[in-house]
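Notes follow the structure.
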Amino acid sequence: MERRVVLLVLLLLGLVTTLPNQGDWDIYSFHINSTVTSRYATTVITSRVANRMDQSKEIEFHVRIPKNAFISKFRMFMDGEVYDGVVKAKEQAERQYTTAVSRGQSAGIVSSVGRTLEEFKTSVTVAAHKKVTFELTYEELLKRRLGKYELQIFARPMQPVKDFKIDVHINEDAGLKFIESKGGLSTKELANAITKTVTDKQAWVYFYPTVDQQKVCDSCSDDGLNGDLVIFYDVKREVSFGDIQTGDGYFVHHFAPSSLPRIPKNVVFVIDQSGSMHGRKMQQTRIALIHILSDLAEDDFFGLITFDSDIFHWKRELVQATSINIEQAKRFAENIQDRGSTDINRAVLEGTRMLNVHPREDSASILILLTDGDPTSGEINPQKIRANVKRAIAGKFPLYCLGFGFDVNFEILEKMSLDNNGLARRIYEDSDADLQLQGFYEEVATPLLTDVTMIYTGGSNLTQTNFSQYYNGSEIVVAGVITDNNIESFIPEVVAVSRNARVIFSRPNTTTESTVTAPVDRIQRVWAYLTVKQLLEKKLQLSGPEKDKVKKEAMDLSLKYNFVTPLTSMVVTKPPGEDSAVLNKPKEGEQPALPRGAGQLPALPRGAGQRPPLPGLAGQLPPLLGGAGQGHPGLTASRQRFFSPAAHFDPPVAAEIPLLYNSAPKKVFLSRYTPVYDMTDTAHQISIMPILDRATMMPYAPTTIPDTTTQAPQTQRFLLKPENMHFPICFDLPTNINVKILHLPSRGLAIKGMIGLKANGGFTHIFLHVQNDTSIEVDVDSVSVKEGETLTRYSEQTQITAGSVTVIIRDKEIDVSVGDVRLVILVHEISGRKFLWPVFRQMPQDDTAEGVFVFNNRDYEESATYMTTQPTISRIKVKGKEEEVLRDSAVDFSVPVPVSVECWFFFSAQSALQRPTTDLYN
């Protein structure tokens with residue numbers, strides 16, 4: 001008897017929230033219902049929300065679904081009306097989307113979030129004391145990896161929900177052996193909320209936590225559930241031929257034999273060692289490669305190539321995986337160093353040569369490429385590289401391409417893999433990147449069959465039927481149409497090469513054990529799902545009329561079965577007065593899209609971290625009232641003209657300012673005019689304020705401006721991330737000053753940093769002082785620790801304990817722990833310049849805390865948005881006080897690879913943090 005262990009993980013996050021204060025709205029019911037029938041999962045997320053306020057409220061529906069899934073239905077129920085989403089061709093839906101955005105109205109989008117999830121958001125305005133129900137359905141054919149399917153339900157509704165239910169129903173005609181549940185939501189007190197019912201072929205898992213239980217999991221809090229529920233089950237397989245499901249003229253064949261002899265493999269690893277692999281990428285690659293080498297079987301043969309603009313061999317030919325060769329290869333791997341540019345073409349062709357000159361009977365060859373960038377030397381034309389590689393491999397073995405990080409040209413890797421019967425996978429730059437690399441290798445480590453051909457006499461409209469290799473723990477799935485719905489003349493068989501011989505798998509005469517029936521619509525939808533997926537892959541490889549033909553076929557099927565795919569979009573209808581949202585499936589690897597719509601502003605065309613341009617002004621502005629203060633040292637005029645560097649304003653934007661040295665800058669309000677912009681240099685008390693005519697919303701008539709001009713001072717932009725905001729908030733501080741990062745007087749802990757001279761150039765030094773006479777200084781190259789009169793400098797990776805302080809020096813980061821304070825100092829390098837950026841992993845709640853990164857999540861709430869001539873200004877409540885902000889951008893230095901994000905820009909740090917700026921300086 002053959003058995004298969006199945007781990008089903010349905011990746012989703014159910015989250016419905018506009019992130020306001022508790023009490024504004026109430027999720028009174030939240031249900032997740034997932035039905036899995038013969039590996040095809042249909043999941044329905046239903047959330048019922050009530051607006052408890054005395055005024056209308058915008059309620060947002062926000063869930064996360066697996067990247068491999070297709071949304072197939074979305075609807076809203078309000079006031080007895082049903083608002084359905086309709087799938088349309090992408091071009092048609094995009095016109096509606098673009099029109100909505102151009103009017104500043106609501107438009108939804110699906111965006112990528114992390115490794116396996118996509119994020120779906122939309123919103124609707126709910127009248128006072130009214131309710132809305134959101135219902136989302138999506139479908140996915142679960143893929144088998146390492147002998148497991150995965151179904152993971154991740155719940156984070158952001159508040160305890162009185163009626164919270166997760167229902168999972170599993171139906172496997174092959175039979176169930178066992179079922180169990182794990183994950184963060186199945187531990188401690190929450191374990192009592194899970195019940196299971198199991199029969200021979202079906203299982204039901206229920207997760208019904210009480211309101212109190214929803215606050216007690218490891219990562220839960222008063223804000224409710226925050227964790228996952230993972231379900232494992234084992235399925236029996238009586239025959240190697242697998243299962244065939246039929247229904248209304250369609251069939252689906254699941255083929256996954258395991259009681260077969262292992263085929264020895266020939267594998268070549270082609271490893272990028274170009275300069276961009278510097279640091280943690282290279283370190284993790286070395287760790288993974290050493291582990292993978294340890295797992296090679298003695299009858300395997302292997303080769304190891306590293307490359308930049310040159311090729312470096314461990315051995316020029318394949319060698320047997322003996323213990324001596326493995327140890328020597330590990331020593332080679334330990335000494336791989338990053339350098340040079342990236343010649344992918346030459347490296348892959350050399351790996352191909354090594355496999356081609358080492359033919360071996362009864363073996364399977366595999367080529368694995370790991371790179372993190374574009375081709376930058378040698379042949380750099382992607383089309384030529386693809387043609388060269390395809391010609392060299394000539395269908396003899398698969399090419400697997402692993403793209404490390406988000407700088408890689410993933411599209412060329414995907415196309416190269418598909419050209420050569422392999423696949424491409426992104427390796428994410430997280431702490432477990434080495435485990436991701438090892439996990440991928442384990443999937444292809446044990447070939448059981450080669451040259452697999454699936455034959456279906458009496459079948460048509462078949463999905464892919466030829467597979468270069470079949471690996472232990474995986475599964476081949478083929479679907480198609482049974483000609484004339486004639487089961488009697490439908491004859492399936494599988495022909496392949498095993499270790500020792502050609503083998504044929506055929507359906508046994510008794511069909512009751514290998515053939516299962518399923519709902520008619522389900523079989524059709526599995527066929528459609530597989531067909532669309534494979535057509536989308538095929539489209540990547542084609543061009544011209546052939547590509548157009550495949551694209552049309554995939555789009556027609558997507559429309560017929562209501563799938564939201566890269567070729568279609570779902571138009572979400574809303575009540576009258578609200579614009580429809582358009583939901584698009586993103587490409588692989590796209591970063592999360594920021595929500596767009598009412599209350600959210602169009603992006604402005606300028607670089608991250610610059611001072612924003614003055615709004616809507618192409619000329620001179622009047623001097624402010626109130627008179628000039630004392631002059632700034634070195635300045636003779638009482639007023640100074642500052643120019644915006646924004647290139648899209650011609651002529652440059654100018655504004656007069658008074659110099660208020662040694663006095664606090666103030667906004668000046670006139671009877672008919674109001675400032676919509678207040679940019680303050682807190683170091684020198686310089687305030688910039690254009691004045692708009694309140695009646696016309698145009699700049700007030702200019703007056704004469706002195707000739708003296710100077711550039712605006714350099715600044716460092718800071719980014720804070722309140723949880724209840726659509727965007728982070730950001731503000732500027734001057735460069736070349738010391739600032740308090742964190743000061744806890746009650747604990748005798750002070751952390752400060754020196755901002756460098758360059759605009760948005762981060763910190764040059766960070767200093768920590770603890771009351772027991774322990775001081776630590778961090779710069780970009782070393783860590784100095786002073787205990788009493790003893791000073792020690794460290795520049796290598798190590799762990800240090802000094803009094804109550806623990807410091808771990810790693811590549812590109814310094815981890816500092818002082819009691820319940822944990823600070824990670826990242827070392828960034830941009831254009832050859834290194835700088836520091838502090839990131840708090842843990843910070844205690846302490847009312848005496850001060851510092852530029854000290855803020856309370858609950859103090860911030862989006863209040864209102866209004867249009868002026870240009871740009872749009874918004875208001876945010878901070879500690880109940882309204883402040884005007886501008887949508888802008890900033891570089892997020894709190895992640896290992898800095899990225900530009902949109903943010904709400906406060907015109908002064910004092911407004912953002914609601915404390916005098918003098919409290920921030922040392």
Side-chain angles (χ1 to χ4, degrees), residues 39-41 65-72 87-94 110 112 118 138-143 249-255 383 386 390 395 398-399 401 410-425 452-456 459-468 475-483 521-570 583-590:
R39 307 143 186 97
Y40 194 72
I65 66 174
K67 286 185 177 179
N68 283 329
F70 291 150
I71 294 173
S72 57
V87 175
K88 298 183 178 182
K90 197 176 192 75
E91 291 79 5
Q92 181 183 358
E94 195 68 26
V110 178
S112 236
E118 290 173 354
Y138 66 87
E139 304 173 34
E140 180 187 19
L141 179 63
L142 301 172
K143 190 172 184 179
Y250 290 83
F251 76 90
V252 177
H253 182 193
H254 296 267
F255 176 71
Q383 286 72 30
R386 286 178 59 196
K390 186 173 183 178
L399 167 63
C401 296
F410 193 77
E411 185 173 342
I412 185 177
L413 299 185
E414 191 173 30
K415 290 179 178 179
M416 272 203 308
S417 296
L418 292 172
D419 287 343
N420 297 284
N421 302 306
L423 61 84
R425 184 170 300 173
V452 182
T453 302
M454 316 288 284
I455 302 170
Y456 301 93
S460 60
N461 292 336
L462 303 176
T463 60
Q464 181 181 348
T465 55
N466 294 292
F467 303 86
S468 62
E475 182 178 64
I476 292 174
V477 183
V478 178
V481 176
I482 300 174
T483 305
D521 184 62
R522 172 86 49 148
I523 303 299
Q524 287 190 43
R525 297 188 76 81
V526 174
W527 169 81
Y529 176 96
L530 264 179
T531 302
V532 170
K533 285 281 186 183
Q534 293 174 6
L535 287 171
L536 291 173
E537 290 180 349
K538 190 175 181 180
K539 182 176 74 73
L540 285 174
Q541 302 171 260
L542 300 174
S543 60
E546 288 183 325
K547 180 175 183 176
D548 293 338
K549 180 181 177 182
V550 168
K551 178 180 177 181
K552 184 179 185 305
E553 186 177 352
M555 185 171 66
D556 289 346
L557 274 179
S558 300
L559 293 173
K560 179 178 179 180
Y561 289 91
N562 219 47
F563 290 150
V564 178
T565 71
L567 300 178
T568 58
S569 299
M570 177 176 282
L583 308 177
N584 293 314
K585 188 175 182 64
K587 293 181 180 179
E588 197 285 331
E590 284 184 347

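No hydrogens, no waters, no symmetry mates; every other heavy atom, side chains included, goes into these values. Fair warning: this is a prediction, and the values are worked out from it, not measured in the lab.
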Does any N or O in the side chain of [X] come within less than 3.5 Å of the main-chain N or O of [Y], such that one atom is a donor and the other an acceptor?
X	Y	value
Q541	L418	yes
Q464	N466	yes
S72	N562	no
R39	H254	no

Next item on the list: Over all heavy atoms of both residues, which pair between V564 and K585 is shortest? Give the atoms and the distance, please.
Entry: O-CD, 3.5 Å

Note to self: Applying salt bridge (charged side-chain N to carboxylate O under 4.0 Å, His left out), can you list everything that pairs with K560, at least two apart in sequence or on another chain?
What the structure shows: none

Check: Of all residues at least two apart in sequence or in a different chain, which pass the side-chain hydrogen bond (donor to acceptor under 3.5 Å, both in side chains) check with N68?
Finding: none

Notebook entry, point to check: For K415, what residues pass the side-chain hydrogen bond (donor to acceptor under 3.5 Å, both in side chains) criterion, not counting sequence neighbours?
Noted result: E411

Next item on the list: Look at the aromatic rings of H253 and Y456 and report parallel, tilted or perpendicular, splitting at 30° and 60°.
Entry: perpendicular

Note to self: Can you classify the ring geometry of Y250 versus W527 as parallel (below 30°), tilted (30 to 60°) or perpendicular (above 60°)?
What the structure shows: tilted

Notebook entry, point to check: L535 pairs by side-chain contact (heavy atoms from CB on, under 4.5 Å) with which of K549, E553, M555, K551?
Noted result: E553

Margin query: Taking the side chain as everything from C-beta on, heavy atoms only, tell me whether S558 gets closer than 4.5 Å to F70.
Written below: no

Notebook entry, point to check: Hey, is D548 close enough to K552 for a salt bridge, meaning N to O under 4.0 Å?
Noted result: no

Notebook entry, point to check: For K390, does the NZ atom sit with more than 12 other heavy atoms under 6.0 Å from it, leaving out its own atoms?
Noted result: no

Margin query: To the closest 0.5 Å, what do you measure between OG1 (T463) and CD1 (I476)?
Written below: 11.0 Å

